[in-house]
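Structure record follows, encoded as structure tokens.
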Amino acid sequence: KARYACAHADRVVAISEQTKQDLITYYQTPEDKITVVYQSCDTAFGITWPDEDIAAMGMKYQLPSQYFLYVGSLIARKNLLGIVTAMNTLKGKLDIPLVVLGNGNVYKKKVKAYLEANGLTQQVIFLNEHVRVAHSELPLLYQGALALVYPSFFEGFGIPVLEALWSRTPVITSSGSCFKETAGDAALYVDPHDPASIAGAMTAVVSNASLVRRMQEKGWEHAQRFTPGKCAAEMMKVYNHITR
């Protein structure tokens, strides 16, 4: 379906330069037919919540006072197993739980089997299993986290990264793919194939308060490149180009 659409559409909109290059490489879509229009996210993530509201949300869902956050489908490409493997290397040195917002089937069972085999079942909280977090509470979940950990192997854009930047939440994500476009110079970049690299970034966030402040400031600044207004304006340019 996507290949057919790229071949027959008057214009192709890619959500990142990475996606544009993939369309050229894999579908042989002419470069001059593709326009990159970056996505935005819900502006609710840009609202800073008081500490007491974040604490109340944590109590509601029985979350620990400190936690890392993972948001996304539980599939191999997203690399949750890489995070929990990193946590295993930190066991006894940095025992901060991971809150997982997302669901899956076969891959989730694989992750849970690893957790059980390594005594980490109490360190990972699968939030979707017992409760449904309201969309309006997602910004508080982000803002309560020490960092979003998102070492995906490949994405088209990575909306959770942008949601974290808008929330002034530090981001740990992968080098390569589209992530430099989405997070700019605000994130800590890791090798998603190397648990030690992920573990090192998690340790840095916990131990370096000045680093965290810089990441929050740079993240908010970079996030302003991806406003709904800018997204709409760039899409309007595409429509105007087609109708001329």
Side-chain angles (χ1 to χ4, degrees), residues 1-5 14-16 18-19 22-23 25-27 39 41 61-64 67-91 94-135 137-138 141-142 145-164 169 171-179 182-183 187-202:
K1 182 172 68 175
R3 187 186 298 274
Y4 179 91
I15 56 175
S16 64
Q18 175 68 54
T19 297
D22 290 338
L23 294 175
T25 300
Y26 297 110
Y27 292 166
Q39 297 175 290
C41 67
Y61 296 116
Q62 298 182 309
L63 301 182
Y67 59 88
F68 289 105
L69 179 65
Y70 167 91
V71 177
S73 303
L74 305 188
I75 55 178
R77 175 171 60 84
K78 302 282 189 178
N79 198 27
L80 177 58
L81 192 57
I83 304 175
V84 298
T85 304
M87 292 172 67
N88 193 37
T89 69
L90 293 170
K91 193 160 53 176
L94 187 72
D95 295 314
I96 293 176
L98 175 71
V99 173
V100 174
L101 184 65
N103 222 325
N105 189 10
V106 176
Y107 185 74
K108 181 179 180 180
K109 291 177 182 177
K110 182 177 181 180
V111 172
K112 284 197 161 188
Y114 180 90
L115 295 175
E116 186 171 351
N118 290 278
L120 289 168
T121 54
Q122 299 303 310
Q123 288 295 98
V124 179
I125 301 162
F126 291 92
L127 202 52
N128 285 82
E129 286 191 343
H130 307 293
V131 297
R132 182 178 177 84
V133 179
H135 182 75
E137 294 177 304
L138 294 183
L141 187 66
Y142 274 92
L146 292 170
L148 174 75
V149 190
Y150 198 75
S152 175
F153 293 117
F154 183 86
E155 296 290 334
F157 182 75
I159 283 290
V161 171
L162 184 56
E163 291 173 343
T169 300
V171 172
I172 297 169
T173 192
S174 302
S175 56
S177 190
C178 63
F179 301 110
T182 312
L188 289 181
Y189 291 98
V190 300
D191 178 354
H193 298 277
D194 181 11
S197 177
I198 301 170
M202 295 169 77

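The analysis underlying the following values was restricted to heavy atoms, covering all of them including side chains, and did not include hydrogens, waters or symmetry mates.
- The minimum heavy-atom distance between Ser174 and Pro151, with the atom names listed, is OG-C, 3.0 Å.
- Under the 4.5 Å side-chain criterion, counting only non-hydrogen atoms from C-beta, Ser152 is not in contact with Asn79.
- Heavy-atom neighbours of Phe153 CZ from other residues, nucleotides or ligands within 6.0 Å: above the threshold of 12.
- In this structure, Glu129 pairs ionically with Lys108, as a charged nitrogen and a carboxylate oxygen lie closer than 4.0 Å.
- You'll find the side chain of Leu148 reaches within 4.5 Å of the side chain of Pro160, heavy atoms only.
- Of the possible donor and acceptor atoms, one in the side chain of Thr169 sits under 3.5 Å from a partner among the backbone N and O of Tyr142.
- Considering all non-hydrogen atoms of both residues, Thr182 and Gly158 come closest at CG2-O, 3.7 Å.
- The CD atom of Gln39 lies 4.0 Å from the CD1 atom of Ile159; values are rounded to the nearest 0.5 Å.
- Remark: Leu115 CG to Leu81 CG distance equals 8.5 Å, nearest 0.5 Å.
- Counting heavy atoms from C-beta outward, Val133 and Leu101 have side chains that approach closer than 4.5 Å.
- Contact annotation: the side chain of Val99 never approaches that of Phe68 to less than 4.5 Å [non-hydrogen atoms, C-beta and beyond].
- Put simply, OH on Tyr70 and CD1 on Ile83 are 6.5 Å apart, with the number rounded to the nearest 0.5 Å.
- Listed by chain and residue number, Phe226 satisfy the ring pair (Phe, Tyr, Trp, His ring centres under 6.0 Å) test with Phe157 (two or more places apart in sequence, or in another chain).
- Looking at heavy atoms from C-beta onward, Gln18 lies out of side-chain contact with Glu155 at the 4.5 angstrom threshold.
- For Ser16 (side chain) and Thr19 (main-chain N/O), a donor-acceptor pair under 3.5 Å exists by modelled atom type.
- Side chains of Tyr26 and Arg3 form no contact here, defined as non-hydrogen atoms less than 4.5 Å apart.
- At a cut-off of 3.5 Å, with distance as the only test, a side-chain donor of Lys78 or Tyr150 sits close to an acceptor on the other residue.
- A donor-acceptor contact shorter than 3.5 Å links the side chain of Lys91 to the backbone of Asn118.
- Taking NZ from Lys110 and CG from Asn105, the interatomic distance works out to 14.0 Å, rounded to the nearest 0.5 Å.
- The backbone N or O of Ala113 lies less than 3.5 Å from no partner atom in the side chain of Glu116, so there is not a single donor-acceptor pair.
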Acceptor/donor pairs from residues 121-128 side chains to any protein atom, 3.5 angstrom cut, sequence neighbours excluded:
from	atom 1	to	atom 2	distance (Å)
Gln123	NE2	Asp95	O	3.2
Asn128	OD1	Gly102	N	2.8

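- Going from atom CZ of Phe154 over to atom SG of Cys178 covers 7.0 Å, rounded to the nearest 0.5 Å.
- Here CG of Leu80 is found 11.5 Å from OH of Tyr114. Values are rounded to the nearest 0.5 Å.
- Side-chain contact of Asp22 with Tyr27: a donor-acceptor pair under 3.5 Å is absent, judged by distance alone.
- Residues Ala201 and Leu188 approach most closely at O-CD1, 3.8 Å, considering heavy atoms.
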Distance-only check: which donor-acceptor pairs under 3.5 Å involve side-chain atoms of residues 193-200, not counting sequence neighbours?
from	atom 1	to	atom 2	distance (Å)
Asp194	OD1	Ala196	N	3.1
Ser197	OG	Asp191	N	3.0

